[in-house]
Each structure stands twice: as structure tokens, then as C-alpha cells.
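Worksheet: the structure to be examined is printed underneath.
Numbers restart at 1 for each chain; the letters A, B, ... are given by sequence-line order, proteins then strands.
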There are 2 protein chains.
Amino acid sequence: MRWDEIGGEACSVARTVSVIGARWTLLILRDCFLGVRRFDDFQTRIGVTRPILADRLKKLVAEGILAKCADEERPLRYEDRLTAAGRALHPVIMAIVHWGDTHRVTRKGRPLLHTHKTCGHDFDPVMVCSHCAAPLSARAVTVRAGPGATPSMSTDQDQA
Amino acid sequence: MRWDEIGGEACSVARTVSVIGARWTLLILRDCFLGVRRFDDFQTRIGVTRPILADRLKKLVAEGILAKCADEERPLRYEDRLTAAGRALHPVIMAIVHWGDTHRVTRKGRPLLHTHKTCGHDFDPVMVCSHCAAPLSARAVTVRAGPGATPSMSTDQDQA
DNA sequence: TATGTCAGTTTTGTTTTAGAACTCAATAAG
DNA sequence: CTTATTGAGTTCTAAAACAAAACTGACATA
């Protein structure tokens with residue numbers, strides 16, 4: 001399989017990775033969720049080169065993750081804003097942040113703290129089951145072929 | 001910034017991406033959570049070339065995500081198994097799967113269905129606040145500098 | 001008129017990747 | 001006791017992606 005074909009696999013991981021899996025793309029999305037919207041702000045904050053940033057933004061727009069909006073101001077600036085599909089990637093970013101917060105933290109502590117406006121407290125993201133609301137662990141999850149599976153996806157064994 | 005330096009940033013997203021952000025690595029981890037542990041099984045299922053697979057497995061072992069265990073059998077085979085730190089990446093994979101299940105699904109339906117052994121039902125993963133247990137939305141989260149921040153991380157604006 | 005900002009594109013080398021073949025050790029088959 | 005097979009890579013070459021820097025062009029401000 002070539003890298004540019006993984007979006008065609010019958011696998012939700014592969015399909016999502018084809019959207020967010022290019023180098024720098026996750027750092028761009030991180031900044032989107034922090035409110036960054038302008039080309040030069042991305043470039044300064046991330047330090048990615050301009051050609052690559054232009055390519056990634058273009059692809060995120062083509063995938064429906066970002067939308068290029070003309071800012072009203074007379075200099076006619078553009079903004080890349082998250083669409084609803086883009087905002088739906090928030091759990092992916094939060095899961096990534098949380099792993100870094102717990103497994104790659106220095107003695108100084110976390111780089112960023114997250115506050116939940118609804119309840120007013122600092123929090124960690126927790127993944128729970130939509131049916132019983134209990135926190136999920138890898139060992140408590142099994143997998144079986146769904147209606148969109150190709151005749152092959154068989155390895156639905158246990159985890160770890 | 002060069003790609004191989006992002007692990008040194010004071011950002012949990014960048015630090016995590018330096019571990020899981022290389023091409024193919026997320027597909028390898030997906031298969032790990034499905035119980036795949038042998039070199040040739042990864043190679044057949046993913047279709048990645050052998051040199052790249054060898055490189056990615058080596059790096060995941062170096063990062064403490066996988067551990068190379070000698071299988072007891074006399075042919076002396078090796079297995080790459082998830083460590084505790086590797087299993088902690090489960091929410092990342094589940095968040096990625098869920099986005100694909102909801103935003104890149106075909107008319108045929110989902111490729112895989114997930115069952116929660118604890119409650120016995122098919123489920124979707126839901127991210128909630130560790131303090132109030134309410135589902136998280138991007139707009140309800142704000143960010144501020146933590147103790148491990150570098151003096152610069154300022155853009156703690158609103159989302160979207 | 002000169003200077004600056006924004007959002008790129010072009011150009012030029014350097015890395016990384018894909019694809020195929022090759023190595024090496026330990027069985028397994030004849 | 002050779003010969004083949006399997007697992008887990010390594011080596012090699014050509015193609016693709018990437019990094020760094022300079023360049024473009026529209027618009028605005030001094």
C-alpha cells in the first residue's frame with residue numbers, strides 16, 4: 001500500500017489518518033483549537049516552512065476540516081477556521097494532549113492546563129462508554145466486523 | 001523547527017506527535033490493539049515495506065510503547081507487545097476511529113463495531129470532563145499556561 | 001515614493017520513502 | 001546431512017517529500 005492510498009482502506013483509523021496523518025497537520029490543528037487562524041501566525045508558532053504550511057492548509061480545506069473565510073476588513077485577509085467536521089476532531093487532540101501530559105511531562109509540570117467552562121474546574125479528558133458511561137480500558141473492548149468491512153478484517157482478538 | 005526536534009517543544013501535542021506522528025505508526029498501533037504482534041503479520045496487514053516497518057517498531061520500542069518479548073516456543077520468535085504506556089494510547093486510537101466512523105463512513109456502514117465487555121453493548125467512545133463527567137465540546141474548553149510552559153505560549157483564546 | 005504585511009510560489013539541495021533483493025539464524029523436510 | 005522455509009530484519013537504488021531561502025504580487029501605510 002502506498003501512503004496516499006490509505007484513505008481508501010475499509011478502516012476508520014486509516015481514513016482518519018489520511019486526513020490528519022501528514023507531518024505538521026496535528027500541530028496545525030492544535031493551533032486551530034487555540035484560536036490561530038492566520039497563515040503567518042501558524043508559521044511563526046509552529047516553525048514549519050511556508051510551502052509545507054500552504055500545502056497542509058489547502059489539504060485540510062479540501063477535506064472539509066478548515067474553511068477559508070474572507071475577513072471583512074479592507075486589507076482583505078483570509079482566515080482558516082475549523083468547520084463542524086474540524087471541531088469534531090477535538091477528542092483526538094485532547095487524547096493526544098492527555099497522553100503527553102501524563103507520559104511525557106517534565107519535573108516542571110504540564111505546559112498547559114485545561115479548564116472546563118461548564119463546571120469551572122481544571123480537568124483531564126476521560127474516555128467513557130456511550131452506553132454505560134464507565135471509563136474505557138483497552139482490555140475491556142472487543143472488535144467485530146461491521147457492515148462496511150471487507151471480507152478479510154478478521155483479527156478481532158484481545159488487546160495487549 | 002525541524003521535524004525531528006518537535007519532541008523537545010514545551011507542548012504535549014508536539015511531544016506525543018514525536019512518538020506516534022511518523023507515517024504508518026498509527027496503523028501499527030491500531031493493529032497492536034487488535035492483537036497483532038509479529039513482524040510479518042504487521043507487514044501483510046498494513047502493506048508497509050519491511051525497512052520502514054523495522055524502523056517504526058524499533059522506534060516504538062525505544063519510546064517505551066512496545067516491548068520486544070521472546071516467545072517461549074523453541075523456534076524462538078519475537079513479539080512486539082504494548083507496554084502500559086502503549087496501552088495508554090488507547091483513547092487516541094479510539095478518538096481517531098470514532099472520527100472516521102462518523103465523518104468518513106460509506107453507505108455500507110462502519111468497517112468495525114466495538115463492544116464493551118463490561119456492559120456487553122456496542123458503543124461509541126465519548127470524551128468527558130474528569131471533574132463534572134459532562135461530555136466535552138471544543139467550545140467549552142479554555143487553556144492557560146501551566147508550570148511547564150515556556151514564557152511565550154500565550155494564545156489561550158477561544159476555540160473555532 | 002518607499003516600506004511593510006499577508007499569503008503564498010519558485011528554486012535548490014537534502015532526507016525520507018518505496019520497492020526489490022539480499023542476509024542470517026533456526027528449524028523442518030527429505 | 002544437505003536443502004528448503006520461515007521470521008526478522010538489512011542493503012541498495014530510484015522516486016517522492018521536505019527544508020531553507022529567495023521571490024512574487026496584491027494591498028496598505030508613512
Rounded to whole angstrom units, what separation is found between the [atom1] atom of [X] and the [atom2] atom of [N]?
X       : N      : atom1 : atom2 : answer
A:Leu53 : C:dT9  : CG    : P     : 11 Å
A:Gln43 : C:dT9  : CD    : P     : 14 Å
A:Trp24 : D:dA17 : CH2   : P     : 17 Å
A:Asp55 : D:dA20 : CG    : C1'   : 16 Å
B:Arg56 : D:dA8  : CZ    : P     : 19 Å
A:Asp41 : C:dC6  : CG    : C1'   : 10 Å
A:Glu5  : D:dA16 : CD    : P     : 13 Å
A:Ile52 : D:dA20 : CD1   : P     : 9 Å

- Answer with yes or no whether A:Arg50 presents, from its side chain, a donor or acceptor under 3.5 Å of a partner atom in the base of C:dA7. yes
What nucleotide, of [options], holds the atom closest to the side chain of [X]?
X       : options                : answer
A:Asp40 : D:dA20, C:dC6, D:dC18  : C:dC6
B:Phe39 : C:dT9, D:dA8, C:dA18   : D:dA8
B:Arg38 : C:dT17, C:dA18, D:dA8  : D:dA8
B:Lys58 : C:dA7, D:dC18, D:dT10  : D:dT10
A:Pro51 : C:dT10, D:dA19, D:dT10 : C:dT10
A:Thr49 : D:dA19, C:dA20, D:dA21 : D:dA19

Using a strict threshold of under 4.0 Å (side-chain N to carboxylate O), is an ion pair present between [Y] and [X]?
X        : Y       : result
A:Asp40  : A:Arg38 : no
A:Asp80  : A:Lys68 : yes
A:Asp31  : A:Arg45 : yes
A:Asp55  : A:Lys59 : yes
A:Arg104 : B:Glu9  : no

- Phosphate OP1/OP2 of C:dG19: any A:Trp3 side-chain N/O under 4.0 Å: no
- Query: Quick one: is B:Lys68 getting a side-chain N or O under 4.0 Å of the D:dG7 phosphate, OP1 or OP2?
  - Reply: no
- Message: Reading DNA chain D from 5' onward, which residue's closest nucleotide shows up sooner: B:Arg2 or A:Asp4?
- Response: A:Asp4
- If you pin A:Asp80 and B:Val48 to their nearest nucleotides in DNA chain C, which one's is more 5'? A:Asp80
